Amino acid sequence: MTPVDVLIVGAGFAGIGMGIQLARRGRESFVIIEQADDVGGTWRDNRYPGVSCDIPSHLYSFSFRPNPGWSRVFAEGREIHAYLRECVREEGLEDHLRLNCALSQAQWSDNDARWLVRTTRGDFSAASLVIATGRLSEPKLPPIKNLDGFGGRWWHSARWNAKVSLVGKRVGLVGTGASSIQILPRLATEASEVVVFQRSAPYILPRGDRRYSREEMERFAADPRTVTALRDELFAEAERNIGARQRRHPDIDLLRQRATDHLTTSVSDEGLRRLLTPDYEIGCKRILFSDDYYAALQSGHVRLEPTPLTRIADGSGDGRGSRMAVAANGNSYELDVLVLATGFNSTRPSIAGHIRGRRSRLLADEWSNGMAAHASTTVHGFPNMYVLDGPNAALGHNSAIYMIETQVGYVLGALDHLAASRADALDVTAEAVHSYMRDIDDMARDTVWVQGGCTSWYRDERTGRVTLLWPDSAVSFRERLATFVPASYEHLHRHSGGDGALGFET
Ligand code: NAP
């Protein structure tokens with residue numbers, strides 16, 4: 001059993017950001033366990049053609065590690081992945097990393113006031129546990145009947161099969177979210193036919209991507225203040241969009257008009273335009289950014305199927321399966337490859353089934369009505385545990401990295417308080433969690449996410465509550481988490497009467 005002060009689960013943006021701050025202050029021992037063989041989280045996993053970020057890179061990067069070398073406004077996935085690997089190397093995190101190391105079970109021990117963490121590479125005993133497994137790590141497969149009976153090849157967008165050439169193939173692209181609209185333009189240059197299965201039409205705004213010129217990059221490198229100034233400008237510009245999400249006028253009307261204008265100028269055919277017009281309010285689902293999706297859709301060999309893919313037809317019994325993909329309206333298409341750009345299991349993370357808090361309560365049971373936390377970070381009954389990028393910590397209008405940095409600051413505040421207090425552990429009170437969730441419900445009530453007439457992964461699919469998104473501005477999140485308030489926490493002391501034995505409840 002290896003003892004550490006802090007055990008971080010996951011080496012994506014959140015885990016790396018937490019690790020950097022712990023390493024820089026040098027007070028706590030820590031490890032970062034990562035189930036894959038590399039760091040980078042979603043930027044390691046998503047390797048589909050065209051993968052890039054739709055938040056400008058100078059904003060979608062750590063404020064404490066600016067990168068004057070971003071090659072374009074919206075960097076491609078592999079450049080972001082390289083940035084994260086560089087962060088790990090240059091901040092000395094490699095010695096703290098345990099790759100190919102998956103969490104099997106984490107159990108809180110009241111006797112020891114520590115987390116006992118069983119992994120595929122040995123056991124750890126940690127004073128604090130930071131869950132940084134992200135919300136875009138578990139591919140979601142829609143209920144397509146007889147998918148296993150598909151006679152061609154199929155894969156999820158986050159598990160791209162680069163070994164299969166798509167040149168000359170008939171490809172079905174399922175979904176029209178952020179991933180799909182990046183995939184289509186590249187896919188369309190290779191495949192002989194593409195069918196896009198659309199369950200709901202997205203709102204799309206122009207993206208305005210471009211390479212940075214050599215002069216610009218030299219200026220960024222020579223004067224760090226220019227990078228900070230650009231970052232501040234991008235942040236302020238994104239932040240202004242919260243007004244539309246709160247259904248303020250004229251903000252929401254102007255935003256809707258921009259998307260409608262983009263559609264009108266990009267698609268001349270009235271029938272196609274109708275199919276591409278969303279039937280819900282703008283911002284209810286994530287707004288997408290693209291300058292080439294509509295053009296790709298209008299290529300002669302690309303077809304928009306305006307209903308979801310529901311099933312694969314039965315095979316002929318020769319064991320080779322069927323290549324006929326059938327849409328909800330009965331249209332069927334003969335296809336060689338199916339790409340499921342159908343999103344992620346975000347609101348019910350599976351790791352919650354592997355974490356047991358006080359009295360061995362499973363986190364999944366604590367969250368049976370949907371994710372809930374105080375300060376979007378701490379869960380009652382799970383002392384010294386911090387969830388980054390989990391409940392009510394996502395944004396629909398600004399950079400996720402800003403939110404992660406805010407939470408990392410909150411965790412450092414908690415660690416400082418714990419070290420200064422005589423307590424061994426901090427357990428957020430049930431009342432603090434309830435009160436925070438009431439505030440979330442109040443903030444969300446009149447927003448487009450609740451009133452916009454759509455379903456989205458920002459809300460829990462069973463309860464409809466906004467459990468994933470922080471339903472207000474990024475600045476208000478930082479203000480809310482700026483101070484660690486000890487009164488929201490029960491201060492726990494090691495059980496004196498316990499036998500001190502470390503053990504797992506199975
Ligand atoms: P997503 O936004 O959840 O989109 C999944 C899509 O699949 C939706 O359009 C959904 O339709 C559709 N779908 C599900 N089942 C279907 C079926 N049977 N037939 C047809 N369509 C079906 O997933 P994603 O595109 O992978 O994006 C997930 C998140 O990742 C994004 O919201 C974003 O936060 C992040 N992302 C970011 C970037 C970036 O540039 N920053 C790029 C990619 C992804 P409904 O809309 O009707 O549910």
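Both ligands and their constituent atoms are indexed starting at 1 by order of listing. Please read these numbers as outputs of a predicted model, since none were measured by experiment.
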Looking only at N/O atoms, are [X] and ligand 1 under 3.5 Å apart anywhere?
X      : value
Gln198 : no
Tyr48  : no
Ala178 : yes
Leu309 : yes
Gln182 : yes

Strictly below 4.0 Å, N to O, side chains only: are [X] and [Y] in salt-bridge contact?
X      : Y      : result
Asp54  : Arg207 : no
Asp442 : Arg445 : yes
Arg170 : Glu334 : yes
Glu91  : Arg65  : yes
Arg44  : Glu34  : yes
Arg210 : Glu216 : yes
Arg462 : Asp460 : no

[X] atom [atom1]: more than 12 heavy-atom contacts under 6.0 Å:
X      : atom1 : value
Glu138 : CD    : yes
Arg153 : CZ    : no
Glu90  : CD    : yes

[X]: numbered ligand 1 atoms lying under 4.0 Å from its heavy atoms:
X      : answer
Pro308 : 17 (C), 18 (N), 19 (N), 20 (C)
Leu136 : 29 (C), 30 (O), 35 (C)
Lys285 : 45 (P), 46 (O), 47 (O), 48 (O)
Trp457 : 2 (O), 3 (O), 29 (C), 31 (C), 32 (O), 34 (O)
Ser179 : 24 (P), 25 (O), 26 (O), 27 (O), 43 (C), 44 (C)

With a 4.0 Å cut-off on heavy atoms, does Thr342 reach ligand 1? yes
Which residue and heavy atom of the protein sit nearest [atom], plus the separation:
atom                    : answer
atom 47 (O) of ligand 1 : Ser200 OG, 2.3 Å
atom 8 (C) of ligand 1  : Thr176 N, 4.0 Å
atom 12 (C) of ligand 1 : Gly175 CA, 3.5 Å
atom 10 (C) of ligand 1 : Arg199 NH2, 4.0 Å
atom 41 (N) of ligand 1 : Asp54 OD1, 2.8 Å
atom 4 (O) of ligand 1  : Gly177 CA, 3.7 Å
atom 6 (C) of ligand 1  : Ala341 O, 3.4 Å
atom 1 (P) of ligand 1  : Gly343 CA, 4.0 Å

Side chain, backbone, both or neither: the part of [X] lying under 4.0 Å from ligand 1 by heavy atom:
X      : value
Ser52  : backbone
Lys140 : neither
Cys53  : both
Phe74  : neither

Which label fits Trp160 and Trp155: parallel for a plane angle under 30°, tilted from 30 to 60°, or perpendicular past 60°? perpendicular
Between Arg256 and Tyr203, is NZ or CZ placed under 6.0 angstrom from the six-membered ring centre and within 45° of the ring axis? no
Is the Lys NZ or Arg CZ of Arg135 less than 6.0 Å from the centre of Phe344's six-membered ring, within 45° of the axis? no
Tell me whether Asn67 contacts the main-chain N or O of Tyr83 through its side chain, where contact means a donor paired with an acceptor under 3.5 Å. no
Criterion side chain to side chain contact (heavy atoms under 4.5 Å, CB included) against Leu395, the qualifying member of Met403, Arg286, Arg245: Met403
Of the listed options Tyr280, Phe197, Phe289, closest to atom 20 (C) of ligand 1 (non-hydrogen atoms): Phe197
Check each of Asn46, Ile287, Leu288, Val174 against atom 22 (C) of ligand 1 and report the one with the nearest heavy atom.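 Checking each option, the heavy atom nearest atom 22 (C) of ligand 1 is found in Val174.
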